[in-house]
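Heads up, the thing below is written out as structure tokens.
Every number for a ligand or one of its atoms is a count from 1 in the order of the listing.
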Amino acid sequence: MALDDRHWFSEPFGDEGIAFSLKIRRKLHEKQTPFQKIEVFETERWGNLLVIDGCMMLTSRDNFTYHEMMSHPVLFTHPAPKRVLIIGGGDCGVLQEVLKHPGVEQCVQVDIDEGVTRAALQYFPELCTANDDPRAELRFEDGLQYLKDCAVGSLDVVIVDSTDPVGPAEGLFGESFLRDVHRALTDDGLLVQQSESPILHVDSLIRDLHQAMRGAGFTRLATLQFPVVSYPTGWWSATMASKGADLTRFRENDAREADLGTHYYSADMHRAALTAPPFCQHRFTEQLRKR
Ligand code: SAM
């Protein structure tokens with residue numbers, strides 16, 4: 001059945017022989033910034049849809065799984081996160097989740113493209129409720145350069161919520177950037193980075209990212225798996241990295257007692273997200289449950 005592009009937005013995943021489509025009512029916004037093309041559509045059943053360079057970034061209806069899983073697992077794994085840095089995250093959904101943690105004293109968000117945040121403020125205001133939190137600082141610059149300038153040991157948690165590793169985000173998956181992250185983190189500091197789809201990338205991008213993280217000096221890795229309906233295959237991941245901390249252990253009681261108002265994250269889902277199915281276990285050996 002050919003989908004009429006007047007009524008459907010489709011994102012083909014080229015060489016994977018798949019595509020994902022959402023039925024749309026109309027286009028609400030289009031802007032070509034110096035960095036990327038930003039579009040927003042009104043969909044029939046999924047609220048608004050944010051697209052960057054033809055790739056679905058989020059919908060009003062399904063973004064919660066991603067924003068919660070990019071924030072709460074790493075924050076509950078850290079013993080006492082106070083200083084958090086988000087690279088990317090221009091839609092402000094991760095910022096909103098991070099600032100639900102009362103112990104966080106500062107969250108700097110560095111996105112290269114202010115056009116994304118402007119679009120979020122207009123079409124996804126429900127994601128921007130923490131933008132005026134006194135602990136939040138929004139900066140619009142290249143995350144690669146920002147990390148080069150970061151003071152040694154100045155951060156507790158770094159969250160890389162970037163677009164796919166092409167265009168401005170390509171360097172964010174490289175060893176040089178990850179070495180700058182390693183240097184900016186304290187000894188018990190943690191990194192979490194969106195690491196694409198396990199069913200597509202366990203033996204490509206995820207393998208390469210693990211390699212780059214180890215090359216940058218991180219010694220423990222754990223890849224979380226969770227659903228994101230509007231991402232390629234609907235099966236997504238985020239990889240945490242530490243300088244030695246066991247990433248399969250987290251502040252479970254705090255996670256159970258916290259009243260974060262989450263719709264996907266819970267202590268049980270955190271534990272489940274660390275579980276690797278057999279086809280991934282050769283890659284995620286560190287997080288296999290001790291017998
Ligand atoms: N969750 C989405 C995903 O997984 O594709 C990404 C969300 S967010 C919209 C991605 C952000 O990364 C964009 O706003 C983009 O501007 C930003 N970005 C890309 N390269 C960057 C860089 N080098 N420094 C800072 N932000 C960057």
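At a heavy-atom cutoff of 4.0 Å, ligand 1 is contacted by the side chain of Tyr66 but not by its backbone.
No donor-acceptor pair under 3.5 Å is formed between the side chain of Thr59 and the backbone N or O of Gly47.
Between Arg25 and Glu44 there is a salt bridge, with a side-chain nitrogen of the basic residue lying less than 4.0 Å from a carboxylate oxygen of the acidic one. Between Asp268 and Arg271 there is no salt bridge, since no side-chain N of the basic residue sits under 4.0 Å from a carboxylate O of the acidic one.
With a 4.5 Å cut-off on side-chain heavy atoms, Leu185 and Leu190 do not count as touching. When side chains are defined from C-beta on, Phe124 counts as touching Val40, because their heavy atoms get closer than 4.5 Å. Proximity of Gln194 to Asp164: side-chain heavy atoms (C-beta onward) are separated by under 4.5 Å at one or more points. Taking the side chain as every heavy atom from C-beta outward, Val84 and Leu75 approach each other to under 4.5 Å.
Counting the atoms of ligand 1 from 1 in the order shown, those under 4.0 Å from a heavy atom of Ser162 are 3 (C), 4 (O), 5 (O), 6 (C), 10 (C), 12 (O). Atoms of ligand 1 found under 4.0 Å from any heavy atom of Val110, numbered from 1 in the order shown, are 25 (C), 26 (N). Listed by number with element, the atoms of ligand 1 under 4.0 angstrom from any heavy atom of Gln194 are 4 (O). Taking every heavy atom of Thr163 and a limit of under 4.0 angstrom, the matching atoms of ligand 1 come to 5 (O), 10 (C), 12 (O), 19 (C). Taking a cut-off of under 4.0 Å to the non-hydrogen atoms of Ala169, the atoms of ligand 1 that pass are 19 (C), 20 (N). Taking every heavy atom of Asp91 and a limit of under 4.0 angstrom, the matching atoms of ligand 1 come to 7 (C), 8 (S), 9 (C). Near Asp142, meaning under 4.0 Å from one of its heavy atoms, ligand 1 places the atoms 22 (C), 23 (N), 24 (N).
For His67 and Asp161, the side-chain atoms include no donor-acceptor pair closer than 3.5 Å.
Between His29 and Tyr123, the ring-plane angle classifies as tilted under the 30° and 60° cut-offs.
Close N/O approach between Ile87 and ligand 1 is not found [any backbone or side-chain N/O within under 3.5 Å]. Between Gly143 and ligand 1, at least one pair of N/O atoms sits closer than 3.5 Å. The shortest N or O to N or O distance between Tyr231 and ligand 1 is under 3.5 Å. Taking distance alone, with nitrogen or oxygen atoms compared against 3.5 Å, Ile52 stays at or beyond that limit from ligand 1.
Protein heavy atom nearest atom 26 (N) of ligand 1, with residue, atom name and distance: Ile112 N, 3.1 Å. Shortest contact from atom 7 (C) of ligand 1 to any protein heavy atom: Asp161 OD1, 3.4 Å.
Tested against His72 for a ring pair (Phe, Tyr, Trp, His ring centres under 6.0 Å), the candidates His101, His263, His78 yield a single pass: His101.
When the heavy atoms of Asp113, Thr33, Asp111 are ranked by distance to atom 15 (C) of ligand 1, first place goes to Asp111.
Heavy atoms of Met70 stay at 4.0 angstrom or farther from ligand 1.
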